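Following: one structure in structure tokens, then a few remarks.
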Amino acid sequence: ARAPTTRFRRRSDVRSRVVDGEAVVLDRRRQLVHQLNRTATHVWERCDGRHTIAELGGELAEAFDVDRVTASRDAAAILRQLEALGLVEADPEATTVQGE
Amino acid sequence: MTVVDPARPTLPGRTLAPGRRVWDGGVAPTRRARPRPSVAAADAVEVRAVGVGVRVSCPDPATRRLVRAHYECLLGDAVPARIEYAIRTDGRRWQLRRAGRPAASALDAGELLLQLDQDLLVQLQRVRADLFFVHAAALAIDDRAIMLVAPSGGGKSTMAWALAHHGMHYLSDELAPLELAPLSVQPYPRALTLKDAPPNPYPLPLDTIATSRGFHVPPSRFADVARAPTPLAAIVFLHRGAGVARPAVCRLTAAQAGARLYANALNALAHPNEGIDAALNVVRRTPCFALVTAELDATCAVLAVMFRAAPR
């Protein structure tokens, strides 16, 4: 699992648009197009290398009227998915792996 | 009745209802040793597709009949040809030529039509790069167009054929060319091509042409064929529902529909920003639905009611 201090960046060659609060993400390199729900879109838009996982959890809690624990867990899960899809990359300067 | 053409062992036999026409191929041997560099207009099929003149020269009468039947609702208008093909046959196989590409060989009529269709599709996208081409069937009702979007084998053509029995007009089968402003579907009513015979109560007409590619229904067999650009009123993304008892429809958000539309766009890269804005522009202005299909007749009934109720 990523440390709560990890920051993510959207891949620079991925194109995205937000329409009615939901993102459409076009990954030409992998020939895939993704549609993100509102929660994932909120996280996606903040993958700019400045927000940590912990901060994103806090922002989700404020934006979606959900408790902080749930929001942090969801933010981490969304980032895991986005990273697994290759859409975001962990900022190497701020990345540590828990347990190491 | 199993029909097997003894002269063309490579043409797979098709089981058809008695009286149905089977394409017999250009089996008469040609006496010409090599193709002529040009042919008279009488030997050619002239087509106008999305406003583009297309000429297919076919000296072999049987091949010409096949091509004419395939594009019969696109024949006619005398516009200068911007895309030209030549088809020659030696009685055993066909050669499809277009300047700028290697000649392609086809061993049967189905293969020939497939190659012609596919290359024409690419050329039309090149000439009409302003249009947004979607892999979809399109029908019209009350001067409003409905697009049925699905990947190959997703049931678009079968659904289009069935919906034509529910009062809908035929606009296109494999290809829906969208004009983005004003948002409308350009007609492309070539022969509807079905991989399998549809179930009752949607029988194929007697003059359906059977090839190795499937069943080609001449567009004139539709009760009505829309021949003018038609404003787009709805997009339906089809999903096969294995074992589903009833069809189910749900409205899609713009992002859900945009991603699906983009995945089925044929020339997205011809548009600015890799076509993502064009796709979203379409779905923002159009009600979009996901339809899980069930038994064909029941699914058509749901769609027919839905389309008649669609906002104008």
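Residue numbers begin at 1 in each chain, while the letters A, B, ... track the order of the sequences. Since this is a predicted model, take the numbers as computed values, not measurements.
With a threshold of 4.5 angstrom between heavy atoms, B:Asn273 approaches chain A through its backbone and through its side chain.
Using a 4.5 Å heavy-atom cut-off against chain B, the contacting residues of residues 28-57 of chain A are A:Arg28, A:Val33, A:His34, A:Gln35. Annotation: residues 12-26 of chain A contacts chain B through A:Arg15, A:Arg17, A:Val18, A:Val19, A:Asp20, A:Glu22, A:Ala23, A:Val24, A:Leu26 [non-hydrogen atoms, separation under 4.5 Å].
Applying the 6.0 Å contact sphere to CZ of B:Arg246 captures no more than 12 heavy atoms from other residues, nucleotides or ligands. More than 12 heavy-atom neighbours from other residues, nucleotides or ligands sit within 6.0 angstrom of CG on A:Asp67. With a 6.0 Å radius and a threshold of 12 heavy atoms from other residues, nucleotides or ligands, B:Arg82 has its CZ atom at or below the threshold.
Between chain A and the options B:Ala259, B:Ala263, B:Ala254, B:Ala279, heavy-atom pairs under 4.5 Å are most frequent for B:Ala259.
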